[in-house]
Amino acid sequence: METYAEALTYAIPGFIVLIFIEYLIGRWKGVQVNQSMDTISSISSGITDSLRSLTGLAVIIISYDWMVAHIALIKIESSLLVYILTFIGLDFVGYWSHRFNHTINLFWNRHIIHHSSEEFNLACALRQSISAIVSIYFFLYIPLALLGIPASVVALVAPIHLFAQFWYHTRLINKMGLLEHIIVTPSHHRVHHAINDEYLDKNYSQIFIFWDKIFGTFQEEILEKPPVYGVKKQVNTWNPFLINFIHVWGILKDAWRTKNTFDKIRIWYMPTGWRPEDVKEKYPIKFITDPYTREKYQTESSLLLKIWSWIQLIITIALLYYLLISFGDLDFIEIINYAIFLVVSIFAYTSLMDRNIISIYVEFIKLSLGIYFIAKQGNWFGIDAILSGMTTIIFIYIISSFIISIYFQFIERKYVTRTSRPTM
């Protein structure tokens with residue numbers, strides 16, 4: 001985990017710089033590629049996924065180490081070939097795990113967060129799942145294990161393979177000639193993120209596009225059919241935690257409500273979106289049928305609230321960065337406590353972005369946790385040893401965050417509602 005934390009200290013600034021460059025190029029070209037609340041939600045989602053990884057919140061049914069030790073038929077010595085085979089092997093795993101996530105009802109909950117943005121930009125690439133706690137696709141690694149690919153090589157290549165999927169989440173790069181036949185390009189991935197009927201469940205490949213062509217899931221971007229992004233059943237929230245579990249909550253409700261015992265069981269493993277007939281009739285759900293008339297999710301957001309939401313995100317990134325650089329100096333309980341604080345903080349400000357009253361209660365929990373951690377340790381996780389007086393600044397921020405949230409929920413919102421009423 002310490003190695004992963006070190007990798008993130010380089011990756012996070014790189015991602016942010018690229019997102020900002022994309023924004024500037026979009027402005028220069030006159031193309032709006034970012035919407036404030038959506039971008040904040042996307043980056044916040046990326047933070048939650050990083051926290052999940054750093055805390056080791058994962059259940060591995062069968063480890064790759066075990067498979068290599070027990071089923072390897074040959075052993076390839078460490079060389080350039082082993083790294084190439086590993087990269088291609090991980091891409092094969094990525095194609096099929098991605099495809100399973102799209103086509104099996106329960107497994108869609110592992111991936112819905114990534115498609116939940118109604119924009120398509122570099123920020124939405126950071127929408128990664130925290131609900132995929134159980135590692136269920138171990139069997140896809142069997143070919144690598146049979147070749148005796150060392151676990152250390154897989155561990156090294158995996159984050160490179162993951163980070164290499166970031167760049168093609170953009171609308172600013174058109175088709176790329178010869179590369180369109182070899183690698184996944186922005187054009188290919190725009191198709192994948194679209195909810196147009198002709199684009200649904202296409203282009204699952206992660207690096208090499210030939211997997212889709214081999215397995216019959218390739219679809220070219222059609223000039224006359226501009227992609228519309230999001231999911232068929234809009235999530236209607238900026239809160240990444242709610243998005244992460246919104247689909248499985250719907251399945252759970254349907255399984256409870258249906259009278260058919262067989263349907264209670266099979267709903268989990270049917271094609272994505274399948275619902276029992278009795279539930280479908282009694283509890284209809286609104287799906288997008290015409291993507292071109294779809295209205296994007298928006299909330300009552302003043303300029304002041306948008307500015308405050310950006311401030312919250314910037315502070316959260318700064319606090320996360322301190323966790324990353326101090327990872328080796330903190331014990332496991334301190335890392336867990338720190339992660340819990342950041343999780344609560346993200347839940348609070350994204351709920352405020354939704355104008356959900358729960359934000360006030362969560363802000364109070366955040367305030368209580370912050371005061372408790374500072375009182376217990378006498379400082380904020382040793383930060384004063386690096387920057388003197390930072391504990392005081394963080395303490396002021398925690399209190400201010402609670403007060404400002406009250407202002408937005410009860411004072412500004414009441415004023416906006418009153419002044420926006422039509423006059424006679």
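- Separation of atoms CG (L80) and CG (L85) is listed at 9.5 Å; rounding is to 0.5 Å.
- For the residue pair S401/E363, the side-chain donor-acceptor check at 3.5 Å is satisfied.
- The salt bridge (Lys or Arg N to Asp or Glu O under 4.0 Å) search around K233 returns none, not counting sequence neighbours.
- Contact between Q234 and Y297 at its shortest, heavy atoms only, is NE2-N, 4.0 Å.
- S301 and T299 form a side-chain donor-acceptor contact under 3.5 Å, judged by distance and modelled atom types alone.
- The aromatic rings of W308 and Y397 sit tilted, their planes meeting at an angle between 30° and 60°.
- Y372 and N337 share no donor-acceptor pair across their side chains, judged by distance under 3.5 Å alone.
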- Message: Y407 vs L304, test: side chain to side chain contact (heavy atoms under 4.5 Å, CB included). Steps then yes/no.
- Response: CA-CA 11 Å; Y407 164 76; L304 200 57; 4.1 Å; yes
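- The structure places CD1 of I333 at 9.0 Å from CD1 of I340, a figure rounded to the nearest 0.5 Å.
- In this structure, K202 does not pair ionically with E221, as no charged nitrogen and carboxylate oxygen lie closer than 4.0 Å.
- E119 has its side chain out of reach of T39: every pair of non-hydrogen atoms, C-beta onward, lies at least 4.5 Å apart.
- Heavy-atom contacts from other residues, nucleotides or ligands closer than 6.0 Å to CZ of F287 number more than 12.
- No more than 12 heavy atoms of other residues, nucleotides or ligands shown are found within 6.0 angstrom of CZ on F20.
- A heavy-atom distance below 4.5 Å is found between the side chains of R110 and I136.
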- Given side chain to side chain contact (heavy atoms under 4.5 Å, CB included), test N203 with V184 step by step and report yes or no. CA-CA 8 Å; N203 297 1; V184 175; over 6 Å; no
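- Listed for the R171 side chain is a donor-acceptor partner under 3.5 Å among the backbone atoms of Q32.
- Under the 4.5 Å side-chain criterion, counting only non-hydrogen atoms from C-beta, I19 is in contact with L126.
- No hydrogens or angles considered: nothing links the side chains of H192 and H114 as a donor-acceptor pair under 3.5 Å.
- The side-chain heavy atoms of V235 and I112, taken from C-beta on, include a pair separated by under 4.5 Å.
- Take F218 and apply the ring pair (Phe, Tyr, Trp, His ring centres under 6.0 Å) test, not counting sequence neighbours, and it matches H188.
- Note on ring orientation: taking the six-membered ring where Trp is involved, the planes of H115 and W108 are tilted (angle from 30° to 60°).
- Scanning both residues, D91 and I207, for their nearest heavy atoms gives OD1-N, 3.0 Å.
- Note that OG of S359 is 4.0 Å distant from CD of Q409, once rounded to the nearest 0.5 Å.
- The shortest distance between side-chain heavy atoms of V343 and F241 falls below 4.5 Å.
- Within 6.0 Å of the CZ atom in F139, the count of heavy atoms belonging to other residues, nucleotides or ligands exceeds 12.
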- Task: Starting from the C-alpha separation in whole Å, work towards a yes-or-no answer on side chain to side chain contact (heavy atoms under 4.5 Å, CB included) for Y338 and F327.
- Result: CA-CA 11 Å; Y338 202 115; F327 196 84; over 6 Å; no
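- Contact annotation: the side chain of L323 approaches that of L330 to within less than 4.5 Å [non-hydrogen atoms, C-beta and beyond].
- To the nearest 0.5 Å, atom CD1 of residue I21 and atom OG1 of residue T170 are 11.5 Å apart.
- Using a 4.5 Å heavy-atom cutoff, the side chains of I251 and H247 are in contact.
- Counting heavy-atom neighbours within 6.0 Å of R266 CZ, excluding the residue itself, gives a total above 12.
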- Chi angles and distances behind the ring pair (Phe, Tyr, Trp, His ring centres under 6.0 Å) call for W380, F341: CA-CA 12 Å; W380 184 259; F341 177 84; 4.9 Å; yes
- Walk me through it: do I398 and L369 pass the test side chain to side chain contact (heavy atoms under 4.5 Å, CB included)? CA-CA 10 Å; I398 293 169; L369 285 172; over 6 Å; no
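- Ring centroids of Y349 and W238 are separated by 6.0 Å or more, keeping the two rings apart.
- Proximity of K259 to P276: side-chain heavy atoms (C-beta onward) are nowhere separated by under 4.5 Å.
- Under the 3.5 Å distance criterion, with hydrogens and angles disregarded, a donor-acceptor pair is assigned to the side chains of Q35 and Q298.
- When each of Y168, Y204, Y229 is tested with H189 by the rule ring pair (Phe, Tyr, Trp, His ring centres under 6.0 Å), just one qualifies, namely Y168.
- Residues I130 and N244 share a closest heavy-atom pair of N-OD1, 2.9 Å.
- Residue-environment remark: OH (Y23) stays at or below the threshold of 12 foreign heavy atoms within 6.0 Å.
- Within a 6.0 Å sphere centred on CZ of F395, heavy atoms belonging to other residues, nucleotides or ligands number 12 at most.
- No more than 12 heavy atoms of other residues, nucleotides or ligands sit less than 6.0 Å from atom OH of Y10.
- The aromatic rings of F100 and W96 sit tilted relative to each other, their planes meeting at an angle between 30° and 60°.
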- Message: side chain to side chain donor-acceptor pair (under 3.5 Å), that's the test. Do N239 and S351 meet it? Break it down for me.
- Response: CA-CA 6 Å; N239 188 321; S351 295; 3.1 Å; yes
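- Formation of a donor-acceptor pair under 3.5 Å by the H70 side chain with backbone atoms of W66 is found in this model.
- Here the closest heavy-atom approach between residue A339 and residue T55 is recorded as CB-CG2, 3.7 Å.
- Of all heavy-atom pairs spanning F408 and S302, the tightest one is CE2-OG, 4.3 Å.
- Counting heavy atoms of neighbouring residues, nucleotides and ligands inside a 6.0 Å radius, atom CH2 of W310 exceeds 12 of them.
- Put simply, the side chain of Y141 never gets that close to the backbone of M67: no donor and acceptor are under 3.5 Å apart.
- For the 3.5 Å distance criterion, the side chains of Y95 and T217 qualify, holding a donor opposite an acceptor.
- Here the two rings, on F208 and F92, have centers that are 6.0 Å apart or farther.
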- Task: Go through E412 and R355 one step at a time and tell me if the salt bridge (charged side-chain N to carboxylate O under 4.0 Å, His left out) criterion holds.
- Result: CA-CA 11 Å; E412 188 211 55; R355 291 293 198 176; 2.6 Å; yes
- Step by step, work out the side chain to side chain donor-acceptor pair (under 3.5 Å) result for K264 and T258. CA-CA 7 Å; K264 290 179 182 292; T258 184; 6.0 Å; no
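- A salt bridge does not link D263 with K280: every distance from a Lys NZ or Arg NE/NH1/NH2 to an Asp or Glu carboxylate oxygen is 4.0 Å or more.
- Interatomic distance, CG of D254 versus CD1 of I285, reported as 5.5 Å (0.5 Å rounding).
- Side-chain contact check for N379 and T391: no donor-acceptor pair (N or O, by modelled atom type) lies under 3.5 Å.
- Residue L324 comes nearest to I12 through the heavy atom pair CD1-CD1, 3.7 Å, listed as atom of the first residue, atom of the second, then distance.
- Here the straight-line distance linking atom OG of S97 with atom CG of L140 works out to 6.5 Å at 0.5 Å rounding.
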